[in-house]
S.K.: 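Got a structure for you, written out below as structure tokens; questions coming shortly.
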Amino acid sequence: QVQLIESGGGLVQAGDSLRLSCAASGRTFSNYAMGWFRQAPGREREFVATISWTGAITYYSDFVKGRFTISRDNAKMTLYLQMNSLKPEDTAVYYCAARSYYSSSPRAVEYDYWGQGTQVTVSS
């Protein structure tokens, strides 16, 4: 089992930045590839970014590429999402997730463990 807890969400204005964190506990964090997803009201959960075990490989959805950066610190067992140039359409609950293998696949069903989410609201 891996327990994941997100933090860092909040209310910001368009153009601002936020850094989300996802603290892991339980099994060895470095054994898992990690991902960020988000879900806006009335919409399906959508893939944001993923990162390999060591952090050497990352992959982003087109709508965040160039604005968001996923990273991890295995010694601290923490995953991050640096979000710059935020837009109102980035408003959503953001979730971190873990799986035992790395893939660029955006399918949420491939992830085994999920956090409870953190709300990000971007005002115009």
Side-chain angles (χ1 to χ4, degrees):
Q1 285 278 0
V2 174
Q3 292 78 42
L4 303 171
I5 300 177
E6 301 94 337
S7 62
L11 172 63
V12 297
Q13 293 187 332
D16 286 350
S17 298
L18 272 178
R19 188 176 80 157
L20 305 183
S21 299
C22 172
S25 61
R27 293 190 175 182
T28 305
F29 179 66
S30 58
N31 287 347
Y32 293 88
M34 301 295 296
W36 285 100
F37 287 77
R38 69 187 187 186
Q39 187 166 18
R43 301 188 64 175
E44 292 187 355
R45 191 167 298 190
E46 62 181 1
F47 168 79
V48 174
T50 186
I51 189 167
S52 62
W53 302 278
T54 64
I57 304 172
T58 59
Y59 183 76
Y60 298 89
S61 64
D62 287 342
F63 53 78
V64 304
K65 199 174 297 182
R67 298 190 297 126
F68 292 10
T69 302
I70 188 171
S71 62
R72 65 190 296 164
D73 185 332
N74 286 343
K76 295 182 178 179
M77 296 182 64
T78 303
L79 174 73
Y80 302 100
L81 184 68
Q82 177 66 43
M83 305 186 295
N84 298 329
S85 302
L86 283 161
K87 305 175 181 180
E89 52 263 43
D90 294 319
T91 295
V93 177
Y94 283 72
Y95 299 89
C96 66
R99 62 181 171 187
S100 60
Y101 61 93
Y102 174 77
S103 168
S104 60
S105 168
R107 300 177 69 224
V109 295
E110 296 183 10
Y111 287 79
D112 302 308
Y113 304 102
W114 291 84
Q116 84 291 345
T118 185
Q119 176 71 47
V120 172
T121 303
V122 185
S123 64
S124 57

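No experiment lies behind these values; they were computed from the predicted model shown.
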S.K.: Do Trp53 side-chain atoms and Ser30 backbone N/O form a donor-acceptor pair below 3.5 Å?
M.R.: no

S.K.: Just jot down the side chain to side chain contact (heavy atoms under 4.5 Å, CB included) partners of Ala56, sequence neighbours excluded, or say none.
M.R.: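 With sequence neighbours excluded, Ala56 shows a side chain to side chain contact (heavy atoms under 4.5 Å, CB included) to Ser52, Thr54, given in chain and number order.
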
S.K.: Are Val12 and Trp36 in one and the same hydrophobic cluster, where Ile, Leu, Val, Met, Phe, Trp and Tyr link if side-chain heavy atoms are under 4.5 Å apart?
M.R.: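 Yes, Val12 connects to Trp36 through the hydrophobic network.
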
S.K.: Within 45° of the six-membered ring axis of Trp114 and under 6.0 Å from that ring's centre, is NZ or CZ of Arg45 located there?
M.R.: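 The answer is yes, since Arg45 meets both limits relative to Trp114.
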
S.K.: Hey, any chance Tyr111 and Phe68 share a hydrophobic cluster, counting ILVMFWY side chains that come within less than 4.5 Å of each other, even indirectly?
M.R.: no

S.K.: Can you give me the closest heavy-atom contact between Asp112 and Ser100, atom names plus distance?
M.R.: OD2-N, 3.7 Å

S.K.: Applying salt bridge (charged side-chain N to carboxylate O under 4.0 Å, His left out), can you list everything that pairs with Arg43, at least two apart in sequence or on another chain?
M.R.: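 Here no residue qualifies.
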
S.K.: Please determine whether residues Ile5 and Phe29 belong to a single hydrophobic cluster, defined as Ile, Leu, Val, Met, Phe, Trp and Tyr linked transitively by side-chain heavy-atom distances below 4.5 Å.
M.R.: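 No: no chain of side-chain contacts under 4.5 Å links Ile5 to Phe29.
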
S.K.: Indicate, with yes or no, if Tyr113 and Leu79 share a hydrophobic cluster defined by side-chain heavy-atom contacts under 4.5 Å among Ile, Leu, Val, Met, Phe, Trp and Tyr.
M.R.: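 In one cluster: yes.
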
S.K.: In chain order, what residues pass the side chain to side chain contact (heavy atoms under 4.5 Å, CB included) check against Ser61, with sequence neighbours excluded?
M.R.: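 Checked Ser61 against side chain to side chain contact (heavy atoms under 4.5 Å, CB included); matches are Phe47, Phe63, Val64.
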
S.K.: Under the disulfide (SG to SG under 2.5 Å) rule, what pairs show up with a residue in residues 37-82, not counting sequence neighbours?
M.R.: none

S.K.: Decide whether Ile51 and Leu18 are clustered together by the hydrophobic rule: side chain heavy atoms of Ile, Leu, Val, Met, Phe, Trp, Tyr closer than 4.5 Å, transitively.
M.R.: yes

S.K.: Is there a side-chain contact between Tyr32 and Tyr101 in this structure, where contact means two heavy atoms from C-beta onward sitting under 4.5 Å apart?
M.R.: no

S.K.: Which pairs with one or both residues in residues 17-110 pass disulfide (SG to SG under 2.5 Å), sequence neighbours excluded?
M.R.: Cys22-Cys96

S.K.: Any side-chain heavy atom of Met34 sitting closer than 4.5 Å to one from Arg72?
M.R.: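 Result yes, sub-4.5 Å side-chain heavy-atom pair found.
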
S.K.: Between Leu20 and Tyr80, is there a side-chain heavy-atom distance shorter than 4.5 Å?
M.R.: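 A side-chain contact is absent here, since even the closest heavy-atom pair is not under 4.5 Å.
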
S.K.: Under a 3.5 Å threshold, yes or no: a donor from one side chain and an acceptor from the other, between Gln13 and Ser123?
M.R.: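 Side chains of Gln13 and Ser123: no pair found under 3.5 Å.
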
S.K.: Taking the side chain as every heavy atom from C-beta outward, state whether Ile70 and Tyr59 have any pair of such atoms under 4.5 Å apart.
M.R.: no

S.K.: Return a table of donor-acceptor pairs under 3.5 angstrom between the side chains of residues 83-92 and protein atoms on other chains or two or more places apart.
M.R.:
| residue | atom | partner | partner atom | Å |
| --- | --- | --- | --- | --- |
| Asn84 | OD1 | Ser17 | OG | 2.9 |
| Asn84 | OD1 | Gln82 | NE2 | 2.9 |
| Asp90 | OD1 | Arg38 | NH1 | 2.9 |
| Asp90 | OD1 | Arg67 | NH2 | 3.0 |
| Asp90 | OD2 | Arg67 | NH1 | 2.7 |
| Asp90 | OD2 | Arg67 | NH2 | 3.4 |
| Asp90 | OD2 | Lys87 | N | 2.8 |
| Thr91 | OG1 | Pro88 | O | 2.9 |
| Thr91 | OG1 | Val122 | N | 2.9 |
| Thr91 | OG1 | Val122 | O | 3.4 |

S.K.: Is a side-chain N or O of Glu6 found less than 3.5 angstrom from the main chain of Gln116, in a donor-acceptor match?
M.R.: yes

